[in-house]
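The structure under discussion appears below in the form of structure tokens.
Every number for a ligand or one of its atoms is a count from 1 in the order of the listing.
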Amino acid sequence: MDSQHVLIIGAGLAGTSLAHQLLANGHRVQFVDRGVNHSTAVAAGMVNPMVFRRMNKSWRLDEFMKDAKSFYLHMEKELGHALFHPIVIRRMLSSEQERNFWLERSKLPEYQDYLTELTPEDESYSLAENHFGSGRLKSSFWVDAKVYYEKNLDYFERKESLFKEDFDLLSFDENTLNYKGTSYDKVVFTVGYQQINTPFFNELPIQQTKGQTIRVHSKEIPEVESLNRKCFVLPLGDQVFRIGATYEWDNPDLKPTNEAKQELMDYLNALGSYSYEIIDQQVGVRPTVLDRRPILGAHHTIKNMYLFNGLGTKGYLMAPTLARELSDYMFHEIPLDKEISIERFYRKSNS
Ligand SMILES: Cc1cc2nc3c(=O)[nH]c(=O)nc-3n(C[C@H](O)[C@H](O)[C@H](O)COP(=O)(O)OP(=O)(O)OC[C@H]3O[C@@H](n4cnc5c(N)ncnc54)[C@H](O)[C@@H]3O)c2cc1C
């Protein structure tokens with residue numbers, strides 16, 4: 001297939017994972033991004049393979065995990081920066097039921113890559129409050145989110161493929177896909193929680209889910225693993241930890257609140273009576289969808305216009321695979337899975 005020129009609005013995780021996929025397939029990309037990011041760059045970037053409530057594997061885990069690891073390792077090389085950090089997540093089990101789920105699942109072959117079998121040391125782990133024992137996850141990692149976003153902007157700026165500005169509707173012609181004098185073959189909107197404020201795809205139910213985290217300094221919190229119960233405690237090095245994250249539905253407000261800070265401190269205090277000082281507080285807004293599935297696909301009337309959104313709380317796990325699937329759909333007409341396709345909403349609104 002001939003090389004095509006694709007305009008991408010939004011250089012967060014959705015936009016950049018798609019762009020790298022397109023470049024690898026020989027296409028050209030041009031970004032429009034205002035340079036201020038409140039999700040991809042604010043995220044803790046953790047990739048946790050499990051959904052702890054019933055101790056199940058995350059949706060489509062095996063395929064997402066394989067692609068995610070190789071994508072971020074490739075990104076390290078491409079962007080010239082360390083990004084990918086393997087980490088053991090130690091789940092402090094929160095009930096007898098959760099413990100039983102762990103005991104059952106860790107014996108199943110399909111969980112071997114993710115759950116370790118509980119050892120006597122896990123059961124009696126003493127560096128955090130421990131009523132039901134603890135268990136260690138395998139294959140988890142975190143991506144340095146701020147570095148990922150900023151280095152990607154630098155990368156596309158160096159390639160002269162970035163308009164660092166607000167998308168200017170008056171300079172865009174949706175019939176010819178012309179933006180500022182250049183006609184593009186395809187246009188993709190990847191604007192995250194701002195979708196509702198753009199003139200295209202704004203009827204879709206992409207919600208704005210505010211999240212807050214705090215960074216603390218402590219000589220007492222264990223630094224080797226990431227503790228988890230009600231919150232995650234991510235060791236960043238030099239006795240600094242990220243604690244997160246809150247969920248505030250339908251709230252795009254970017255102000256840090258004392259309530260969120262207190263909630264996170266309560267969760268941390270419940271893990272152990274560590275002394276710590278708060279360094280700062282971060283705020284962002286996730287693009288979420290009620291059915292917890294991302295939304296990908298083509299505009300129902302405007303030809304060659306696409307959407308990649310709704311990455312929700314597990315964006316760092318899902319984005320690389322989904323970017324490939326969207327690219328296959330855009331260029332090879334390989335249908336998108338019904339669970340992620342935009343058609344699930346168009347069908348509803350037409351019926
Ligand atoms: C506090 C918090 C913690 C999180 N922790 C994790 C985690 O540990 N693991 C995980 O997997 N996920 C996590 N997430 C979720 C993750 O951040 C999101 O799934 C993902 O970043 C969404 O990426 P996106 O590209 O869709 O949106 P965004 O990151 O919001 O990117 C959209 C981009 O579009 C640009 N833009 C928007 N409108 C315009 C416009 N009109 N003109 C020009 N540019 C525009 C913005 O500047 C932005 O750069 C967290 C989110 C938050 C808020």
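Comparing N197, T313, L18 by heavy-atom distance to atom 10 (C) of ligand 1, the nearest is T313. Nearest residue to atom 48 (C) of ligand 1 from N37, D168, L153 is N37 (criterion: closest heavy atom). The residue from A11, G12, A145, G192 that puts a heavy atom closest to atom 27 (O) of ligand 1 is G192.
Counting heavy atoms of neighbouring residues, nucleotides and ligands inside a 6.0 Å radius, atom NZ of K66 does not exceed 12 of them.
Here H85 and F141 keep their ring centres 6.0 angstrom or further from each other. Ring to ring, Y179 and F163 are close: their centroids are under 6.0 angstrom apart. Aromatic ring centroids of H20 and Y155 lie under 6.0 Å apart. For an aromatic pair to be called close, the ring centres must be under 6.0 Å apart, and F101 with F52 fails this. A centroid separation of 6.0 Å or more is found between the aromatic rings of Y346 and H299. Ring centroid separation for the pair F189 and F167 comes in under the 6.0 Å cut-off.
Under 4.0 Å from ligand 1, not a single heavy atom of Q282 appears. At a heavy-atom cutoff of 4.0 Å, ligand 1 is contacted by the backbone of V285 but not by its side chain. Proximity of T190 to ligand 1, defined as any heavy-atom pair under 4.0 Å, is confined to the backbone N, CA, C and O atoms. Contacts between Q194 and ligand 1 below 4.0 angstrom, taking non-hydrogen atoms only, involve the side chain exclusively.
The atoms of ligand 1 that sit less than 4.0 Å from any heavy atom of D166 are 42 (N), 43 (C). Distances below 4.0 Å separate heavy atoms of L311 from the following atoms of ligand 1: 19 (O). For ligand 1 and G211, the ligand atoms under 4.0 Å from any heavy atom of the residue are 1 (C). Listed by number with element, the atoms of ligand 1 under 4.0 Å from a non-hydrogen atom of V36 are 46 (C), 47 (O). The G315 neighbourhood of ligand 1 comprises atoms 10 (C), 11 (O), 12 (N), 19 (O), with distances under 4.0 Å to a heavy atom of that residue.
A cation-pi geometry, defined here as NZ or CZ lying under 6.0 Å from the six-membered ring centre and within 45° of its normal, holds between R293 and W59. Seen from the ring of Y193, R286 does not count as a face-on cation partner, given the 6.0 Å and 45° thresholds. Both tests do not hold together for K186 against Y306: distance to the six-membered ring centre under 6.0 Å, angle to the ring axis within 45°. Figure legend: R229 and F132 shown without cation-pi pairing, the cationic atom not lying both under 6.0 angstrom from the six-membered ring centre and within 45 degrees of its axis.
Of the protein's non-hydrogen atoms, the one nearest atom 35 (C) of ligand 1 is D33 OD2, 3.3 Å. For atom 50 (C) of ligand 1, the closest non-hydrogen atom of the protein is A43 CB, 3.5 Å. Protein heavy atom nearest atom 42 (N) of ligand 1, with residue, atom name and distance: F167 N, 2.9 Å. For atom 8 (O) of ligand 1, the closest heavy atom belonging to the protein is M46 N, 2.9 Å. In terms of protein heavy-atom proximity, atom 11 (O) of ligand 1 is nearest to Y316 N, 2.8 Å. For atom 53 (C) of ligand 1, the closest non-hydrogen atom of the protein is G284 C, 3.5 Å. Atom 5 (N) of ligand 1 has as its closest protein heavy atom A44 N, 3.3 Å. The protein non-hydrogen atom at the shortest distance from atom 17 (O) of ligand 1 is S39 OG, 3.1 Å.
Taking a 4.0 Å cut-off on heavy atoms, M318 fails to register as neighbouring ligand 1. Ligand 1 has G312 within reach: a non-hydrogen atom of the residue lies less than 4.0 Å from it. Ligand 1 is never approached by F232 to a heavy-atom distance shorter than 4.0 Å.
Side-chain contact between L307 and L296: absent, with no pair of heavy atoms (C-beta onward) separated by less than 4.5 Å.
To the nearest 0.5 angstrom, F201 atom CZ is 8.0 Å from H300 atom NE2.
Taking any N or O of L13, backbone or side chain, at least one lies under 3.5 Å from an N or O belonging to ligand 1.
Heavy-atom minimum distance, W102 versus M55: CE3-CE, 3.5 Å.
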